[in-house]
Amino acid sequence: MALPTQPYKGARDFYPEDKRLQKYMFGLMRRVAESFGYEEYDAPVLEPLELYLAKTGEEIVNEQTYTFEDRGGRKVAIRPEMTPTVSRMVAAQRQELAYPLRWYSIPNLWRYERPQRGRLREHWQLNVDIFGVDTVQAEAEVIQVAAGILKAAGATSDMYSIRINSRKLMDFVLKDYLGLDGVQRHTIAKLIDRMHKMAHETFVAEADAVFTPSQRDAGASDKLLELLKCTAIEQLPAEVRSDKSALELMELMNTMKEARLSNAIFDPTVMRGFDYYTGIVFEIFDEDPENNRSMLGGGRYDGLVGLFGVEPVPTVGFGFGDVTFENFLRGHGLMPPMRPETDVYAVLIGDVFAKAQPVIAEMREQGVNVAVDVSGRAPDKQIKTAVKKGIHYAIFIGERDLAIEQFEIKNLLTGVAERHSIARIVSIVRDYRSDD
RNA sequence: GCGGAAGUAGCUCAGUUGGUUAGAGCGCUGGAUUGUGGCUCCGGAGGCCGUGGGUUCAAGUCCCAUCUUUCGCCCCA
């Protein structure tokens with residue numbers, strides 16, 4: 001029986017062309033994050049299971065985390081997210097670090113669930129976090145990092161929307177404004193999270209079923225619906241609008257405006273699944289009608305670092321997955337032209353492999369990436385290979401060329417061939433490469 | 001974890017109410033052609049018809065299970 005060639009369920013192989021796209025996406029992420037002063041860190045793929053028990057959502061730990069017991073009887077998890085890990089790292093050096101601390105990482109993460117569009121079992125996720133800032137200036141900054149990556153990818157503001165809400169505000173709404181108890185709040189919160197996926201009548205009916213008769217008489221249902229319709233803080237009822245959390249949101253929205261992020265809106269239906277969020281939460285939505293989904297999300301989690309027994313550190317961060325990013329790029333026609341790493345394909349004519357070495361070495365020393373065809377096949381076959389690999393230049397090396405130290409360099413995309421010295425060829429290829 | 005759809009060559013697919021030795025296009029590969037790719041001509045390789053079981057004289061085709069992919073639900077880093 002033959003071994004299967006397909007990768008593990010929900011995981012991907014990265015062939016060179018796939019890896020090229022990944023390098024492009026990660027490159028954008030790194031460049032933009034570093035332009036804001038973020039420093040890259042990393043950590044093990046394995047963590048003790050306890051790390052996730054405290055604050056990650058229950059279902060994620062119990063059903064969506066890969067776990068096993070090691071030979072020493074320790075319960076181990078393959079990291080399903082990076083936030084607990086980075087909190088652990090910050091807590092470990094709580095006193096030594098320089099705040100505000102700006103860190104980013106692009107870890108691969110695993111979740112055990114059924115793969116579907118935009119969600120696999122293994123994915124890579126940019127994590128951007130700022131530690132030690134308790135004002136909404138932190139939120140404003142990380143949102144700008146997120147938007148900056150999309151902008152660097154060539155996205156325009158109509159392609160996505162930045163939707164902002166606040167856990168504190170929703171707590172105030174559900175507890176003080178609507179007077180719900182703990183269980184009711186939890187149920188309604190989950191319901192709001194699903195709101196856009198269900199028929200409006202279903203939502204109304206399910207929400208109504210949560211309220212007690214006296215709450216219903218007090219118009220809880222209508223109050224909730226009215227509130228969820230708001231798309232700006234100013235539209236909130238006066239009682240809600242004067243809460244501290246609303247003022248905070250207003251300040252953030254104002255900064256968004258100053259930062260020219262015109263597609264940032266207040267959206268009370270943005271809840272986020274994790275239990276550890278404590279304040280502002282936000283998502284960036286892909287506005288592609290074929291792919292209308294949250295592609296990036298984050299928020300404030302001031303309580304996590306403190307779980308490790310040190311003084312708490314206020315924190316804001318977001319995660320941005322490679323799968324949703326790739327869908328976004330494809331959906332909006334933002335896929336970049338992929339250029340192979342190899343600049344020049346050396347076509348050898350006749351048995352000149354040994355004699356050609358100095359010429360090839362010279363090109364490489366000058367920074368040109370050269371792949372040599374060592375197949376001994378006819379020149380036309382060698383060219384076909386170069387074309388198939390997508391290499392842009394071929395250099396022809398035969399006895400004649402070596403004798404006069406002039407070589408033909410052919411642009412395989414245009415078919416144009418010229419004859420030059422190696423020095424000249426090197427400069428032509430370098431100029432061409434730095435074109436874009 | 002729950003429900004729908006689909007698996008035939010590397011890719012896209014055809015294959016009649018079950019009936020000889022399973023096909024096409026593209027791709028791959030060799031030659032025409034060891035000093036120049038895309039066009040043309042000639043040749044070649046490549047399939048346990050996803051896997052296992054069942055029904056039948058006979059299964060790519062019908063039934064069951066299973067795996068994988070995909071769409072949705074749950075959930076959502």
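Chain A is the first sequence line, chain B the second, and so forth, proteins listed ahead of strands; every chain is numbered from 1.
- In terms of heavy atoms, A/Ala147 sits closest to A/Ile284 at N-CD1, 4.5 Å.
- Remark: the A/Glu408 side chain and the B/U36 base include a donor-acceptor N/O pair separated by less than 3.5 Å.
- Between B/G38 and B/U34, the two P atoms lie 14 Å apart (nearest whole Å).
- Aromatic ring orientation, A/Tyr277 versus A/Tyr301: perpendicular (interplanar angle above 60°, classes split at 30° and 60°).
- Ion pair A/Arg272/A/Glu283 flagged as a salt bridge, since at least one NZ, NE, NH1 or NH2 atom sits closer than 4.0 Å to an Asp/Glu carboxylate oxygen.
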Strictly under 3.5 Å: I want the nitrogen or oxygen pairs between protein and nucleotides 31-33 of chain B, one per line.
| from | atom 1 | to | atom 2 | distance (Å) |
| --- | --- | --- | --- | --- |
| B/U33 | O2 | A/Asp380 | OD2 | 3.3 |

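- The aromatic rings of A/Phe131 and A/Trp103 stand perpendicular to each other, their planes meeting at an angle above 60°, with 30° marking the opposite boundary.
- Checked against side-chain contact (heavy atoms from CB on, under 4.5 Å), A/Val133 has the following partners two or more places apart in sequence or in another chain: A/Pro100, A/Ile130, A/Thr135, A/Ala138.
- For B/U66 and B/G72, the C1' atoms lie 22 Å apart once the distance is rounded to whole Å.
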Determine all donor-acceptor pairs shorter than 3.5 Å in which one atom belongs to a side chain in residues 342-350 of chain A; sequence neighbours excluded.
| from | atom 1 | to | atom 2 | distance (Å) |
| --- | --- | --- | --- | --- |
| A/Asp343 | OD2 | A/Asn369 | N | 2.8 |
| A/Asp343 | OD2 | A/Arg433 | NH1 | 2.7 |
| A/Tyr345 | OH | A/Asp373 | OD2 | 2.7 |

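- Side-chain N/O atoms of A/Lys190 include none lying less than 4.0 angstrom from OP1 or OP2 on B/C75.
- In terms of position along RNA chain B, the nucleotide closest to A/Glu399 lies nearer the 5' end than the nucleotide closest to the other residue of the pair A/Glu399 and A/Gly297.
- No hydrogens or angles considered: nothing links the side chains of A/Thr315 and A/Asp129 as a donor-acceptor pair under 3.5 Å.
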Less than 3.5 Å apart, which donor and acceptor atoms pair up between the side chains of residues 318-333 of chain A and the rest of the protein, not counting sequence neighbours?
| from | atom 1 | to | atom 2 | distance (Å) |
| --- | --- | --- | --- | --- |
| A/Asp322 | OD1 | A/Trp124 | N | 3.0 |
| A/Asp322 | OD2 | A/Arg12 | NH1 | 3.3 |
| A/Asp322 | OD2 | A/Arg12 | NH2 | 2.9 |
| A/Thr324 | OG1 | A/Met295 | O | 3.0 |
| A/Thr324 | OG1 | A/Gly321 | O | 3.1 |
| A/Glu326 | OE2 | A/Arg330 | NE | 3.1 |
| A/Glu326 | OE2 | A/Arg330 | NH2 | 2.8 |
| A/His332 | NE2 | A/Asp286 | OD1 | 2.8 |

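- Between the side chain of A/Arg194 and the base of B/C73 there is no donor-acceptor pair of N/O atoms closer than 3.5 Å.
- Residue A/Lys410 places a side-chain atom within donor-acceptor reach of the base of B/G37, judged by atom type and a 3.5 Å distance cut-off alone.
- Using cut-offs of 30° and 60° for the angle between ring planes, the A/Tyr8 and A/Trp110 rings count as tilted.
- For the pair A/Glu248 and A/Arg300, the salt-bridge criterion is not met [side-chain N within less than 4.0 Å of a carboxylate O].
- Dashed line: the shortest gap from a side-chain N or O of A/Lys9 to OP1 or OP2 of B/C67 is not under 4.0 Å.
- Helical stems in RNA chain B, defined as runs of 3 or more consecutive Watson-Crick or G-U wobble pairs with donor-acceptor distances under 3.5 Å: B:1-7 with B:67-73, B:10-13 with B:23-26, B:28-32 with B:40-44, B:50-54 with B:62-66.
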Kindly give the atom pairs (protein nitrogen or oxygen, nucleotide nitrogen or oxygen) under 3.5 Å for nucleotides 1-3 of chain B.
| from | atom 1 | to | atom 2 | distance (Å) |
| --- | --- | --- | --- | --- |
| B/C2 | N4 | A/Arg114 | NH1 | 2.7 |
| B/G3 | O6 | A/Arg114 | NH2 | 3.0 |

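- Between the side chains of A/Tyr66 and A/Glu122, not a single donor N or O lies within less than 3.5 Å of an accepting N or O.
- Note: NZ (A/Lys388) to P (B/C11) measures 14 Å, nearest angstrom.
- Going from atom CZ of A/Arg119 over to atom C1' of B/C73 covers 11 Å, rounded to whole Å.
- A/Gly317 comes within contact range of no nucleotide atom at all, as no heavy-atom separation falls under 4.0 Å.
- As a whole-Å value, the separation of A/Gln64 CD from B/C73 C1' is 13 Å.
- The separation of B/C28 from B/A65, taken at their C1' atoms, amounts to 37 Å, rounded to a whole angstrom.
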